[in-house]
**Student:** 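Before anything else, here's the structure in question.
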Amino acid sequence: MSEDKTLHICTPLLESVPMSKKTGFKVFLKCENLQPTGSFKIRGMGHMCQKAMKKGGNHVITSSVGNAGISLAYAAKQLGITATIVIPEVTSESVANNMRELNANVIRHGKVWDHANAYAIQFAKEKEGSIYVHPVDDPGIWEGYATIIKEVKDQVQQKPDVVLICVGAGGLLCGVIEGLHSVGWTDVPVIAMETRGADSYNQAVHAGKLVTLPGITSLAKCLGALTVCQKSLDWGKLHPIHSVVVEDKQAIQACLSFLDNHRMLVQVACGATLAGIYEDIIPKLQKDGKLKENIESAVVIVCGGAAITLQALLDYKNIVGIE
Ligand SMILES: *Cc1c(COP(=O)(O)O)cnc(C)c1O
């Protein structure tokens with residue numbers, strides 16, 4: 001594989017007929033779930049691995065709850081270099097196996113992502129010739145994610161009135177906003193969705209500074225960063241961002257509705273984004289005067305996620321008590 005060919009694909013932008021019908025404006029789905037790794041993470045990790053190779057690295061190391069690791073493993077395999085991924089306790093054995101199937105070395109360390117990440121940094125220092133890749137807080141990651149919006153710009157006929165995403169540690173948020181600025185869409189508001197119990201961005205926005213959660217209680221494991229990156233908070237001063245928290249139940253219901261509407265299975269994190277449409281978040285923000293009255297179209301970043309099965313979604317459905 002040549003060093004410059006991107007490892008991600010240009011994903012389709014599809015209008016959701018059921019969602020457009022529900023909201024009264026056009027809802028477009030940017031289908032990152034269709035990436036070869038099942039999530040947008042390949043855009044960041046692919047770019048970072050190519051950069052690491054150019055610097056002469058032959059071993060890339062990251063920390064991940066799931067998707068960043070799967071994408072790093074995929075990218076490293078395509079490029080013919082070694083990958084090591086530090087995963088926390090919350091990561092399932094089947095996700096660890098997905099990484100191993102892509103030839104990655106997997107190390108389990110710490111309760112949540114933040115702990116695994118601290119270990120990955122240490123581990124990389126001790127391994128000569130290795131390059132640590134931060135899965136969130138690196139301009140190279142944001143540059144990779146910014147390509148989502150560059151593609152959207154070529155795929156739409158008119159500028160969207162709002163973009164919906166979800167926030168884990170804030171890398172996607174930083175990349176999407178960077179993308180909006182790079183195409184001149186500096187006034188397009190972003191709705192940043194989280195689930196309660198993984199709401200480190202919302203709490204930081206309210207506190208006006210980074211907040212470290214004592215633990216993660218949400219089922220949306222890949223939104224479970226105890227602390228978001230500083231840059232995601234800083235963007236709030238330069239870009240209209242509306243932080244919204246939904247319950248796990250709403251995110252899981254959104255996954256179920258999306259499966260029925262579009263026959264696509266996505267992680268609960270992605271359900272949080274979809275809940276922005278299914279739970280009528282846009283009309284609420286309009287009522288509060290936070291979004292303009294006349295909305296003609298919205299773009300939903302369907303972040304996807306490979307760490308979900310039908311059985312897991314049905315189990316979650318039971319846990320949160322959906323009939
Ligand atoms: C990583 C990930 C997120 C969160 O992204 P951040 O950059 O950590 O904010 C959301 N959804 C999915 C499917 C992910 O893999």
Side-chain angles (χ1 to χ4, degrees), residues 1-8 35-147 168-172 174-175 212 222 224-231 306-307:
M1 162 109 19
S2 101
E3 275 181 37
D4 291 318
K5 190 176 176 297
T6 68
L7 299 173
H8 63 263
Q35 287 292 352
T37 57
S39 81
F40 66 93
K41 288 276 178 13
I42 184 60
R43 293 183 190 263
M45 285 302 182
H47 187 54
M48 291 297 283
C49 288
Q50 286 172 320
K51 279 175 53 159
M53 248 182 111
K54 281 184 190 150
K55 279 196 273 177
N58 59 11
H59 182 183
V60 282
I61 298 175
T62 198
S63 59
S64 171
V65 173
N67 293 307
I70 291 172
S71 285
L72 181 94
Y74 174 86
K77 185 165 185 257
Q78 297 293 314
L79 297 168
I81 58 177
T82 306
T84 298
I85 301 144
V86 184
I87 58 171
E89 275 168 31
V90 294
T91 301
S92 71
E93 198 46 30
S94 77
V95 169
N97 281 333
N98 290 343
M99 297 171 188
R100 292 188 189 108
E101 277 158 18
L102 293 164
N103 302 342
N105 308 311
V106 179
I107 301 172
R108 215 178 257 283
H109 189 94
K111 241 189 153 61
V112 293
W113 168 73
D114 307 64
H115 304 150
N117 190 45
Y119 185 78
I121 293 170
Q122 192 52 41
F123 184 78
K125 278 190 191 141
E126 290 158 13
K127 281 265 175 247
E128 214 165 306
S130 76
I131 292 184
Y132 164 75
V133 176
H134 198 295
V136 180
D137 199 2
D138 189 298
I141 293 281
W142 310 329
E143 216 181 308
Y145 295 165
T147 58
L172 179 62
C174 291
T212 300
C222 81
L226 298 178
T227 315
V228 293
C229 66
Q230 181 63 45
K231 181 77 180 178

**Student:** Can you see which heavy atom on Pro135 is nearest to which on Asn117, and at what distance?
**Tutor:** CD-OD1, 4.1 Å

**Student:** Heavy atoms only: give me the nearest Ala76-Val60 pair and the separation to one decimal.
**Tutor:** CB-CG2, 4.1 Å

**Student:** On a heavy-atom basis, which atom in Thr62 and which in Gly69 lie closest, and how many Å separate them?
**Tutor:** CG2-CA, 4.5 Å

**Student:** Would you name the heavy atoms of Thr212 and Thr227 that are closest together and state the gap between them?
**Tutor:** OG1-OG1, 2.9 Å

**Student:** Before you tell me yes or no, could you show the steps for Met45 and Leu7 under side chain to side chain contact (heavy atoms under 4.5 Å, CB included), namely the whole-Å CA-CA distance, both residues' side-chain angles and the distance that decides it to 0.1 Å?
**Tutor:** CA-CA 9 Å; Met45 285 302 182; Leu7 299 173; over 6 Å; no

**Student:** With sequence neighbours excluded, tell me which residues meet side chain to side chain contact (heavy atoms under 4.5 Å, CB included) with His8.
**Tutor:** Thr6, Gln35, Ile42, Arg43, Thr147, Glu151

**Student:** Can you tell me how far NZ of Lys41 sits from CG of Leu172, rounded to the nearest 0.5 angstrom?
**Tutor:** 8.0 Å

**Student:** Would you say the side-chain atoms of Trp113 pair up with the backbone N or O of Ile87, donor to acceptor, closer than 3.5 Å?
**Tutor:** no

**Student:** So, the side chain of Glu143 versus the backbone of Met48: is there a donor-acceptor pair under 3.5 Å, distance only?
**Tutor:** no

**Student:** Are any non-hydrogen side-chain atoms of Val133 and Asp138 less than 4.5 angstrom apart?
**Tutor:** no

**Student:** For a quick test of reading the model, state the closest non-hydrogen atom pair linking Asp114 to Gly224 and the distance between them.
**Tutor:** OD1-O, 4.2 Å

**Student:** Atom CG of Asn105 and atom NZ of Lys127: how far apart are they, to the nearest 0.5 Å?
**Tutor:** 8.5 Å

**Student:** Tell me whether Asn67 contacts the main-chain N or O of Ala306 through its side chain, where contact means a donor paired with an acceptor under 3.5 Å.
**Tutor:** yes

**Student:** Do any N or O atoms from the side chain of Ser130 and from the backbone of Ala124 form a donor-acceptor pair under 3.5 angstrom?
**Tutor:** yes

**Student:** Would you indicate whether the side-chain heavy atoms of Ile70 and Val95 approach each other to under 4.5 Å?
**Tutor:** yes

**Student:** Quick one: list whatever passes ring-ring contact (aromatic ring centres under 6.0 Å, His included) with His59, sequence neighbours left out.
**Tutor:** none

**Student:** For the residue pair Ala83 and Ala73, what are the closest heavy atoms and their distance?
**Tutor:** CB-CA, 4.1 Å

**Student:** Hey, what do you get for OG1 (Thr84) to CZ (Phe123), rounding to the nearest 0.5 Å?
**Tutor:** 5.0 Å

**Student:** Name all residues meeting the salt bridge (Lys or Arg N to Asp or Glu O under 4.0 Å) criterion together with Glu101; count only those two or more places apart in sequence or in a different chain, and write none if there are none.
**Tutor:** none

**Student:** Kindly compute the distance separating NZ (Lys5) from CD (Gln78), expressed to the nearest 0.5 Å.
**Tutor:** 8.5 Å

**Student:** Might you confirm whether atom CD of Glu128 has over 12 heavy atoms from other residues, nucleotides or ligands at distances under 6.0 Å?
**Tutor:** no

**Student:** Got Lys51 and Ile131 here, is their nearest side-chain heavy-atom distance under 4.5 Å?
**Tutor:** no

**Student:** Checking the side chain of Thr37 only, and the main-chain atoms of Ser71 only, is there a donor and an acceptor separated by less than 3.5 Å?
**Tutor:** no

**Student:** Once rounded to the nearest 0.5 Å, what's the spacing between atom NE2 of His115 and atom NE2 of His109?
**Tutor:** 8.5 Å

**Student:** Rounded at 0.5 Å granularity, tell me how far SG in Cys49 sits from NZ in Lys77.
**Tutor:** 14.0 Å

**Student:** Report yes or no: do Asn98 and Tyr74 form a side-chain donor-acceptor pair below 3.5 Å?
**Tutor:** no

